[in-house]
Engineer: 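Take a look at the following structure, please.
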Amino acid sequence: MQASGRESITEYYPPKAGAIGALVFFLVMTALPGFVVFDGQEHVVLRVLGGFAMALFGFGVYAMLDDLIRPQPTLVITDHGFTYRGYPHVAWAEVVRLRLGIGRLRKGGREERFAEVVLRDPVEFRDRVHALGDTAARKNIDRPLYIVPERLPVPVPAVVEVMREHHPDLAVGAPGDEPAAPPSSPRSADRDMVESALVSALTDALPPDWHLAVLWFSLVGDDGHAGIQLEPTDPEADDLQPSEEVLMLLNRLKEVCYDQMTGTWLSGQVVLRSDSTRAEFTLSFKEIPDWLPMPEPDECRRELATYPRAGDEIPTWLRQRIS
């Protein structure tokens, strides 16, 4: 991290561990073909191929050394906005809020949080990403803008606090602050019953020494994904798979959350803490986790056929998949 210049500027550079690991890999892969290239008894074709491999991996060595010696900032924050590497500049006037959430639980029980940048005009921003973004950004052009911990040397919440220092009016939502469903979709007694049953079924499946559990899920048509991540006592503990009862209740939750205008959720999370009786439900009616593959077009059509919604409530990525 670095603050510089007359204007207040904060820069964050990517962690060096990844670049160092990649450098070691490329060094080894560059050296190995040398046994063939410099062996006069080897066939000339093998020596040429070996030389090509050395040149290819040697370029990787150069790239990693350049990244270590002259690193480019991942995130640059100013009083006017921020620039996230690979994406066009974002002015504070474009940002509605930042939404913090739990992305993954790492081994040893460490929470890993991310921040979603909620923009006033996502369509205009997508057009700018298409024109100015790098290859990775353009490939995921339909995804929201996420600030993720893998690209930063400090935790995401610390970065968010620095953003608020640069722009005090920045709105930030903590996990659980968001409504579980759009305001136009009132809660029903059926939904309360299903959520209560889901929490009970999930709690029954957890080990006795659990502290924090995150059930994440996504269901578009018949394309479903779900998993339970724990803050484990044993650092080597594996993630748990949801029981059939939990999966059945998730399907039922999708049904009872349906609204004729807004449809129903496409993904969500349930966060449980052993020292609290309150479960945090976060449901998204328009997005799916960025680490999951895009559903097939047939599944998207099945979703809209089973749970039709108003045309302006169909997210852009879903509309493009069915077209």
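Residue numbers count from 1 along this sequence. Treat the numbers as computed from the prediction; the structure is a model and nothing was measured. Keep in mind that the numbers below use all heavy atoms, side chains included, and drop hydrogens, waters and symmetry copies.
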Engineer: When you measure from the side chain of Glu299 to the backbone N and O of Asp222, does any donor-acceptor pair fall under 3.5 Å?
Structural biologist: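 Side chain of Glu299 to backbone of Asp222, a donor-acceptor pair under 3.5 Å: yes, one is there.
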Engineer: Applying side-chain contact (heavy atoms from CB on, under 4.5 Å) to Val117 and Leu119, what does each step give before you reach the verdict?
Structural biologist: CA-CA 6 Å; Val117 182; Leu119 300 169; 3.7 Å; yes
Engineer: Test your reading of the model: is there a side-chain donor-acceptor pair from Arg321 to the backbone of Pro295, 3.5 Å cut-off?
Structural biologist: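 Yes.
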Engineer: May I have all residue pairs that pass salt bridge (Lys or Arg N to Asp or Glu O under 4.0 Å) and include part of residues 303-314, sequence neighbours excluded?
Structural biologist: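 Qualifying pairs, neighbours excluded: Lys254-Glu303, Lys286-Glu313.
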Engineer: Under 4.0 Å between a side-chain nitrogen and a carboxylate oxygen: does that hold for Glu116 and Arg97?
Structural biologist: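 Salt bridge flag = no for Arg97 with Glu116.
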Engineer: Hey, are His166 and Thr78 close enough side-chain-wise for a donor-acceptor pair under 3.5 Å?
Structural biologist: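 Short answer, no.
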Engineer: So, using ring-ring contact (aromatic ring centres under 6.0 Å, His included) as the criterion, who are the partners of Tyr146 when residues are at least two apart?
Structural biologist: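 Phe114.
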Engineer: Please check if the side chain of Arg151 supplies one atom and the backbone of Arg85 the other of a donor-acceptor pair under 3.5 Å.
Structural biologist: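 At least one qualifying donor-acceptor pair exists.
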Engineer: Just wondering, do Phe285 and Leu266 contact through their side chains at under 4.5 Å, heavy atoms?
Structural biologist: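 Side-chain contact under 4.5 Å: no.
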Engineer: Judged by modelled atom types alone, do Asp223 and His225 share a side-chain donor-acceptor pair under 3.5 Å?
Structural biologist: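 Yes, His225 and Asp223 have a side-chain donor paired with an acceptor closer than 3.5 Å.
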Engineer: How would you list, by chain and number, every residue that makes a side-chain contact (heavy atoms from CB on, under 4.5 Å) with Arg319, sequence neighbours excluded?
Structural biologist: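 With neighbours one apart ignored, the set is Ile314.
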Engineer: What pairs with Glu94 under side-chain hydrogen bond (donor to acceptor under 3.5 Å, both in side chains), at least two apart in sequence or on another chain?
Structural biologist: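 Glu94 satisfies side-chain hydrogen bond (donor to acceptor under 3.5 Å, both in side chains) with Arg128 once adjacent residues are dropped.
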Engineer: Looking at Arg120 and Ala93, would you say the former's side chain and the latter's main chain have a donor-acceptor pair under 3.5 Å?
Structural biologist: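 Confirmed, Arg120 side chain pairs with Ala93 backbone.
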Engineer: Tell me if a side-chain donor or acceptor on Tyr258 pairs with a main-chain N or O of Pro308 at a distance below 3.5 Å.
Structural biologist: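 Yes, because the side chain of Tyr258 sits within donor-acceptor range (under 3.5 Å) of the backbone of Pro308.
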Engineer: Counting distance only, does the side-chain N/O of Ser218 pair as donor-acceptor with the main-chain N or O of Ile288 below 3.5 Å?
Structural biologist: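 Checked: no pair found.
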Engineer: Start with the C-alpha gap between Leu75 and Ile77, add the side-chain angles, then the distance that decides, and say whether side-chain contact (heavy atoms from CB on, under 4.5 Å) holds.
Structural biologist: CA-CA 7 Å; Leu75 179 64; Ile77 308 170; 3.9 Å; yes
Engineer: Return the set of residues passing salt bridge (charged side-chain N to carboxylate O under 4.0 Å, His left out) with Arg138 (not counting sequence neighbours), or none when no residue passes.
Structural biologist: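 Listed in chain order: nothing, the list is empty.
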Engineer: Would Arg273 and His211 count as a side-chain contact (heavy atoms from CB on, under 4.5 Å) if you check the C-alpha gap in whole Å, the side-chain angles of each, and the deciding distance to 0.1 Å?
Structural biologist: CA-CA 6 Å; Arg273 291 179 171 83; His211 301 290; over 6 Å; no
Engineer: Output a table of donor-acceptor pairs, distance under 3.5 Å, between side-chain atoms of residues 196-203 and any protein atom two or more places apart or on a different chain; print 'none' if there are none.
Structural biologist:
from   : atom 1 : to     : atom 2 : distance (Å)
Ser200 : OG     : Ser196 : O      : 3.1
Thr203 : OG1    : Val199 : O      : 2.7

